[in-house]
Amino acid sequence: MSQIPSSVDTLIHPEWLVPVVPRGTVLENYSLAITGQRISAILPRDETAGIEAGRVIELPGHALTPGLINAHGHAAMSLLRGYADDLPLMPWLENHIWPAEGAHVSAEFVADGTELAIAEMIRSGTTTFSDMYFFPDTCAQTAQRLGMRCQLSFPVLDFPSNWARNADEYISKGLRLRDETKHLDLVNIAFGPHAPYTVSRENLQKVATLAAELDAGIQIHLHETAGEVLQAVEANGERPIDTLNAIGLLGPRTQCVHMTDLGDQDIETLVKTGASVVHCPQSNMKLASGIAPVKKLLEAGVNLALGTDSAASNNDLNMFGEMQSASFLAKLHSEDATALPAADALYMATLGGARTLGLDELVGSLEVGKQADLIAVDLTGPECQPLFHPLSQLVYSCNGSQVRHSWIAGQQLLQDRELIRIDLPDLLARADQWRQKIEMTNKA
Ligand SMILES: CSC[C@H]1O[C@@H](n2cnc3c(O)ncnc32)[C@H](O)[C@@H]1O
Ligand SMILES: [Zn+2]
C-alpha cells in the first residue's frame, strides 16, 4: 500500500473511479490525487481528510477513467474530413486522397490539421494518439505545445511526397526527428512503414534492422483488405505477414494496423512474435475493408489496441464511438453477444493501447506513480440514466460529449468542456480556410 501524501496539487472526488486494472474494477467513493505529472494517491474518500490539496474537485455522478489511447491515425487528415466518402480503400487513396495530399500537404497543413485533431480528441476523452503522417516534426511541435501525448510513427514509403523523396530520405529524416525530440516528454518516435504494398521488401528490411538496433516501435498498415493479401500472394507467393516475419520485422514492438484478413496461421504468427494488433472498426466498416477477428485474437492472447484511423475514413476521432463499434462488431462477427464486453473494450482503448505503443509503464490505467493522464466523464445526463453499471454507460451509452475534464501529465487541458490551450474559434476559422483552398483547387 503506497504512502498517503500529506500535500498534493489536485484532489479529485469522483463518484466512481475506474482504474482499468484489475479489469472491470469500479471503485465507488474513491479519490485520486495528482502531484506534478503523476498520480500520487488513490484511496477511499473518507481517508482523504488529512491531505492538503492546492485544488479540490468534487465530481458527483462522474466516473474518473484513464485517458483513452487512439493507437492509429493520421491526425492532419482531419482537414480532409468528408472530402471523399463512400469509396473502397484503394480508389479512395489513389483517386482522391493521395492527389489531394500531393496538392496540399505542407508543414502548415499538418500544423492546422493536427491542432484540429487534437481539439477533437481532447474533447472526446483521448489523451494519447499515435500518428503516421508527413511532416511529423510539425506534428511533434504541435502536440508538445498543446500538451498532448503522442507516438509519431514517421512515414517510410518507396515513393516521393511533399516531405521526402525516397525511402532513405524518409528514414534519415525520421531518425533525425527521433534525436531532435528526445527532450520532449510527450513525444515518442517509432518507424511508420506505410504498408507492404508501398514499401519494398528491401526497405522494410532496413526498417526492421534499424528498429531492432534502436529498440523502437514499428507501426504498419497490414492485411487491411483481402485484396491486399491476394495481390501479395500472386506477386510474391506469400502473405504479407509472412514476408514481414521472414525479414524479422514482427516482434513485441510491432503494431499491425487493421488485420481484417487473418487465418489461424496468421494469428499463430502474431502469438509467436508478440506483435500487437491495432483494430480500427469504424474505418474498416466505412471503407468496406473487412472485419478483424477480434474474439479469436483475444482468445489467442494477442494484445489489441483501438484506433480511429483518419477523420477522412471514419469520419471522427471519437474513441467512445470506436469502443462501442468494436464491441458490437465483435459480437455480430462472432455471432456471440458475450464477445468483447464493456470492460474489455475499455481495456483495449486504454491499457491495451498503452501496451501496444510501449507506454504501459507511463499510462493506460489509474495507478499510483503513473502519469496523470485521466478524464472525468459526466454520467448524470438522461443518456446515461438510470445507471446500473458505470462501465456499461461508458462503453454503450456515452458518445464523448460527456467528457467534462481532462488531464495529461497532470496538466488540465479540458475544464468544464472548454479547451484550455486551444483558441477554438480561431482554429475552426483556419479549418474552413483550408476547406475553401482545397475546394478552389478542385474547381481550377
Ligand atoms: C505515409 S503517411 C500515411 C499515408 O497513409 C494514408 N492512409 C490514410 N488512411 C489509410 C488507410 O486506411 N490505409 C492505408 N493508407 C491510409 C494517408 O492518406 C497517407 O498517404
Ligand atoms: Zn491508417
Side-chain angles (χ1 to χ4, degrees), residues 70-85 87-106 109-110 113-114 117 129-139 151-167 169-171 173-174 177 190-199 203-204 207 218-229 231 240 255-261 277-290 292 305-317 322 356 438:
N70 186 344
H72 176 71
H74 315 278
M77 291 180 74
S78 289
L79 291 177
L80 295 174
R81 189 193 324 259
Y83 175 76
D85 287 333
L87 291 163
L89 177 65
M90 293 319 292
W92 176 72
L93 284 174
E94 292 168 344
N95 305 334
H96 300 271
I97 296 299
W98 284 342
E101 289 176 336
H104 299 290
V105 170
S106 63
F109 178 99
V110 171
T114 298
F129 72 103
S130 182
D131 200 54
M132 177 200 286
Y133 212 58
F134 309 109
F135 297 94
D137 43 337
T138 303
C139 187
Q151 167 188 269
L152 304 183
S153 42
F154 63 82
V156 180
L157 289 160
D158 284 356
F159 56 78
S161 68
N162 299 343
W163 186 59
R165 290 162 298 183
N166 54 50
E169 187 176 22
Y170 284 107
I171 291 172
K173 282 192 162 189
L177 174 68
F191 288 77
H194 173 256
Y197 54 87
T198 49
V199 186
N203 289 326
L204 286 170
V207 168
I218 300 172
Q219 185 169 115
I220 185 168
H221 294 102
L222 188 60
H223 288 213
E224 183 167 3
T225 66
E228 172 198 328
V229 177
Q231 281 177 7
Q255 307 158 26
C256 306
V257 181
H258 297 307
M259 302 297 267
T260 70
D261 185 332
V277 169
V278 182
H279 178 39
C280 302
Q282 291 187 180
S283 177
N284 293 159
M285 289 191 281
K286 188 163 187 291
L287 297 170
S289 293
L306 265 185
T308 60
D309 216 341
S310 79
S313 71
N314 187 299
N315 286 0
D316 62 46
L317 303 179
E322 215 67 36
T356 296
I438 292 167

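The analysis underlying the following values was restricted to heavy atoms, covering all of them including side chains, and did not include hydrogens, waters or symmetry mates. For ligands, and for the atoms within them, numbers begin at 1 and follow the listed sequence. These figures come from a predicted structure and were not determined experimentally.
- For ligand 1, the atoms closer than 4.0 angstrom to any heavy atom of Pro155 are 1 (C), 2 (S).
- The shortest N/O to N/O separation between Ser283 and ligand 1 does not fall below 3.5 Å.
- Contacts between Phe135 and ligand 1, counted as non-hydrogen atom pairs separated by less than 4.0 Å, are absent for every part of the residue.
- Closest heavy-atom approach to atom 13 (N) of ligand 1 among the candidates His194, Glu224, His72: Glu224.
- Every atom of ligand 1 is numbered from 1 in the order shown, and the set under 4.0 Å from a heavy atom of His258 is 12 (O).
- In this structure, a donor-acceptor pair under 3.5 Å is absent between the side chains of His221 and His223.
- Inclusion of Trp98 in the set of residues having an N or O under 3.5 Å from an N or O of ligand 1 is warranted.
- Side-chain atoms of Glu322 and Asn70 form no donor-acceptor pair, as typed in the model, at a separation below 3.5 Å.
- At least one N/O/S atom of His74, from backbone or side chain, sits under 2.8 Å from the Zn ion (ligand 2).
- Those atoms of ligand 1 that come under 4.0 Å of a heavy atom in Ile97, given as number and element, are 18 (O).
- Considering backbone and side-chain N/O atoms, Trp92 never comes within less than 3.5 Å of an N/O atom of ligand 1.
- Glu228 is not listed as a side-chain neighbour of Asp261, based on a closest heavy-atom distance of 4.5 Å or more.
- Listed by number with element, the atoms of ligand 1 under 4.0 angstrom from any heavy atom of Leu157 are 1 (C).
- Within the 4.0 Å heavy-atom shell around ligand 1 one finds Tyr197.
- For the pair Ser130 and Ser153, the minimum side-chain heavy-atom distance is below 4.5 Å.
- The distance criterion of under 3.5 Å between nitrogen or oxygen atoms is not met by Ser313 with respect to ligand 1.
- Expressed to the nearest 10°, the angle at the Zn ion (ligand 2) joining OD1 in Asp309 with NE2 in His221 is 170°.
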